[in-house]
Amino acid sequence: MKGQCLYSVKDGFAILEVDNPPVNPLSEGVRVGIVDCLEKAQADSNIHGIILTGKGRSFIAGADISEFGKPPNEEIPTIHAVLEKLESSEKPVVAAINGSALGGGLETALCCNYRVSSSKGFVGLPEVNLGLLPGAGGTQRLPRIIGPSEALKMMLTGKHVPAKKAEEMGIIDKITDADVIEESIKFLHDKKNDPLPKVRDLNSKLNDVSGDEKVIVEARALAAKIRKGQFAPNKIIQCVDAAINADSFDEGMKKEQEFFIECLLNPQREAMIHIFFSERAASKIQDVPKETEIMPIKKAAIIGSGTMGGGIAMCFANAGIPVHIIDQDENNLERGVAVIKDNYDFMMNKGRIDENQKDAVMGLITSGLEYDEIADADIVIEAVYENLDLKKEIFKKLDEVVKKDAILASNTSGLDIDALAKVTNRPEMVVGTHFFSPANIMRLLEVVRAEKTSDQVLATIMSVGKKLKKAPVVSLNAPGFIGNRMLFGYTTQANKLLLEGALPHQIDSALENFGMSMGPFRMMDLVGLDLGWRARKLSKTNPPVTALINDALCEQDRFGQKTNKGFYNYKEGSRAPHPAPENEKLYEKVSEDNGYKRREISDTEIVDRCILALVNEGAKILQEGVSQRSGDMDVVYINGYGFPIWRGGPMQYANMEGLEKVSNKIDEFAKNDPDFWSKAEIIEQLSKENGRFGEAPTKEERKEKLSFNQTSVAKNF
Ligand SMILES: NC(=O)c1ccc[n+]([C@@H]2O[C@H](COP(=O)([O-])OP(=O)(O)OC[C@H]3O[C@@H](n4cnc5c(N)ncnc54)[C@H](O)[C@@H]3O)[C@@H](O)[C@H]2O)c1
């Protein structure tokens with residue numbers, strides 16, 4: 001049985017210490033242990049009260065996800081049974097929150113009479129991130145203690161609440177910088193004559209809003225905004241509605257159970273838990289030993305103060321790491337630093353940070369024009385224009401100026417990292433760090449492993465990525481890395497569908513209804529249609545057929561949002577797209593000139609062709625060994641490309657559709673377009689074996705693949 005609960009006695013109080021490293025989930029052994037310890041404490045007349053705490057840095061992290069889906073063991077008490085025992089204790093119980101109290105951890109604390117927390121503690125009900133709702137009374141108890149409106153915000157966002165804020169809200173009775181167990185004992189002494197409070201009996205905050213629909217209406221609006229397409233948020237709202245309107249606490253609990261099971265059975269839950277585990281797995285590099293030493297990163301430097309440089313600098317400052325930005329152009333530098341300041345002002349005006357926090361992060365960001373200023377940086381990230389010769393020049397200079405043991409990284413979207421490594425005398429210290437725009441917000445970080453990048457550098461970058469609150473994913477140094485290579489097929493299909501008769505707003509709305517945060521044509525308008533057009537003109541290359549409409553629009557000065565017209569029309573100062581019927585003649589002409597017969601196209605065909613293009617390319621990336629696992633590609637698409645988290649990413653979507661079906665559809669599409677739809681061998685193989693992506697190859701197979709691809713893939717640039 002996993003986990004235990006330790007029992008000791010201090011000054012007449014029983015100390016129950018949950019011990020289930022690393023984060024103390026409520027696994028079987030913990031549940032048995034808590035019940036045994038409670039019984040022991042109740043039976044001992046010398047015990048005046050009970051302190052429940054966690055060993056290590058976590059109080060209790062929540063349910064043990066690895067037990068989901070396993071048949072219940074009748075001998076082991078359920079979480080509900082444990083909590084009932086805790087709540088009905090005749091002796092006072094304090095939750096001594098020593099660290100994180102998340103999910104089932106907070107639900108446990110809410111069943112104690114009091115909550116005393118270390119000032120470093122934090123609480124939260126993040127179940128919504130796994131497609132679930134707090135199913136151990138959280139939806140019924142939290143609204144009773146902080147009111148339905150605040151409780152809904154906490155449960156719908158899933159955000160962690162630090163101890164100080166939790167005390168202000170009323171979740172925690174007392175916070176302390178001293179020993180949390182000692183303070184809990186003192187607290188119980190102070191309360192020894194008070195009747196024992198129970199959260200389940202507090203009804204006044206519910207009565208205050210009874211009959212008032214406003215709370216529920218506002219929660220629905222919040223869920224629609226931040227959790228579009230997700231199943232669990234609406235169920236959370238229904239639970240809170242039940243807390244307000246049901247005849248009793250127990251009635252509300254029954255509803256919570258019903259809705260919890262609905263969430264559990266919903267496919268979104270499997271998809272979201274897949275992402276949870278995939279993010280954890282993605283940060284591990286299979287052939288880099290776990291014990292690889294991480295280099296200290298105390299000072300960072302950024303070259304280029306443009307869109308990306310500024311955002312990346314903010315990430316370092318937010319993580320408390322001093323960062324120096326240099327640019328060759330004084331005006332650009334001034335503008336770049338001003339944009340950073342504006343961003344922090346905006347955050348302050350929105351109440352996300354206070355003035356002190358703003359001053360603190362701005363204090364960590366310095367800037368200048370000379371390379372000498374960054375000689376002592378531990379890591380330098382280059383973010384200048386996307387031009388290989390320019391970047392090579394910069395890497396040569398960095399190699400001369402910056403201390404020998406510093407990491408040199410490039411934020412290139414797709415240039416060859418080996419080519420940059422080769423101009424330095426420290427190729428093992430060179431790596432790609434591909435942030436996504438806006439870099440201070442987007443979670444994805446593609447870490448590009450070049451031929452000579454050392455294990456230590458890779459391990460360090462993965463660790464820095466986590467410190468910057470990113471989701472780092474490793475890609476080998478191959479064209480387009482992971483995300484943009486997959487995107488190419490997706491946008492190619494969108495453009496082909498346009499040539500074949502679908503209109504941009506139909507394609508976009510089909511994909512947005514599927515759950516993509518933004519359709520491909522809105523995205524192209526946002527990025528600017530002129531970028532590719534200008535590049536083709538400059539290099540005097542003929543546009544591929546899929547870019548003909550794009551380029552024809554540019555010839556009419558329709559560059560996208562920046563000129564208020566592109567595939568869509570935009571009103572001055574607004575980003576809302578309006579269909580542009582005046583473009584339709586042009587679409588028809590380009591189609592006709594290039595032998596495309598326009599036809600009615602269904603939304604299903606649009607979704608299938610665009611999404612399966614992602615899947616097919618993802619499968620090729622996997623079989624080439626450019627990516628370590630199919631889950632890594634899901635993490636890339638969820639965190640960098642607006643793929644709906646509740647579908648678990650493109651590869652998981654294919655798994656849930658079934659690979660035989662996916663394979664058959666690709667065969668069907670290949671009849672009309674065999675060049676594009678060359679099927680990945682791995683799809684063919686898995687479809688025959690009734691297999692799924694994610695059945696990982698062995699370590700030895702991986703090693704073979706990696707060494708093979710390290711040399712061969714890089715040559716394809
Ligand atoms: N913009 C995006 O959405 C995005 C996303 C991911 C990656 N990238 C990549 O990030 C890099 C930077 O892109 P960006 O959009 O921030 O560019 P940008 O045009 O906004 O900024 C580039 C900055 O680099 C400065 N610069 C140019 N040459 C320099 C030199 N020799 N020394 C110092 N500074 C110099 C320029 O003055 C400018 O301020 C590119 O490689 C790009 O492909 C961009």
Side-chain angles (χ1 to χ4, degrees), residues 301-315 323-340 342-343 365 367-374 377 380-402 408-417 419-420 423 430-448 465 468 470 472-473 475 477 479-488 491 518 523-532 534-535 560-562 636 639-642 717:
I302 313 286
I303 316 291
S305 60
T307 315
M308 296 308 289
I312 299 168
M314 287 177 76
C315 296
V323 55
H324 190 74
I325 314 172
I326 60 172
D327 202 294
Q328 61 166 14
D329 180 310
E330 200 165 355
N331 289 335
N332 284 358
L333 184 64
E334 243 174 59
R335 194 172 46 227
V337 174
V339 170
I340 295 177
D342 285 352
N343 281 340
I365 301 176
S367 61
L369 296 166
E370 304 300 331
Y371 278 73
D372 304 349
E373 298 158 14
I374 57 167
V380 184
I381 299 183
E382 163 280 310
V384 305
Y385 308 129
E386 187 76 339
N387 175 316
L388 188 61
D389 289 336
L390 172 65
K391 288 186 195 268
K392 276 188 187 167
E393 214 177 280
I394 289 176
F395 269 71
K396 231 187 250 168
K397 177 94 183 150
L398 290 174
D399 193 36
E400 284 162 18
V401 178
V402 184
L408 305 182
S410 172
N411 187 53
T412 175
S413 316
L415 298 175
D416 181 0
I417 304 292
L420 300 178
V423 301
V430 175
V431 65
T433 48
H434 185 202
F435 289 78
F436 286 68
S437 181
N440 53 317
I441 293 173
M442 297 293 279
R443 285 191 69 229
L444 178 60
L445 173 63
E446 269 185 336
V447 175
V448 186
L468 304 192
K470 299 292 168 199
V473 176
S475 166
N477 181 37
F481 310 140
I482 297 175
N484 284 344
R485 174 167 162 193
M486 288 166 75
L487 189 70
F488 178 75
T491 44
M518 191 185 275
M523 179 64 82
M524 290 182 234
D525 267 1
L526 176 71
V527 173
L529 309 185
D530 55 321
L531 298 185
R534 281 184 215 283
Q561 275 190 20
K562 61 177 88 164
V636 165
N639 292 304
Y641 293 84
F717 273 95

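Along the sequence shown, residues carry numbers from 1. In listed order, ligands and their atoms are each counted from 1.
- When side chains are defined from C-beta on, Arg335 counts as touching Asn332, because their heavy atoms get closer than 4.5 Å.
- Contact check for Leu415 versus Leu420: no side-chain heavy atoms found under the 4.5 Å cut-off.
- Within the 4.5 Å cutoff, no side-chain heavy atoms of Asn639 are placed close to those of Phe436.
- If you look at ligand 1, the protein residues with a non-hydrogen atom under 4.0 Å away are Ile303, Gly304, Ser305, Gly306, Thr307, Met308, Asp327, Gln328, Asp329, Asn332, Tyr371, Ala383, Val384, Tyr385, Glu386, Leu390, Lys391, Ile394, Asn411, Thr412, Ser413, His434, Phe435, Ser437.
- Within the 4.5 Å cutoff, side-chain heavy atoms of Val380 are placed close to those of Ile374.
- Asn411 places a side-chain N or O within donor-acceptor distance of the main-chain N or O of Phe435, the cut-off being under 3.5 Å.
- Residue-environment remark: NZ (Lys562) exceeds the threshold of 12 foreign heavy atoms within 6.0 Å.
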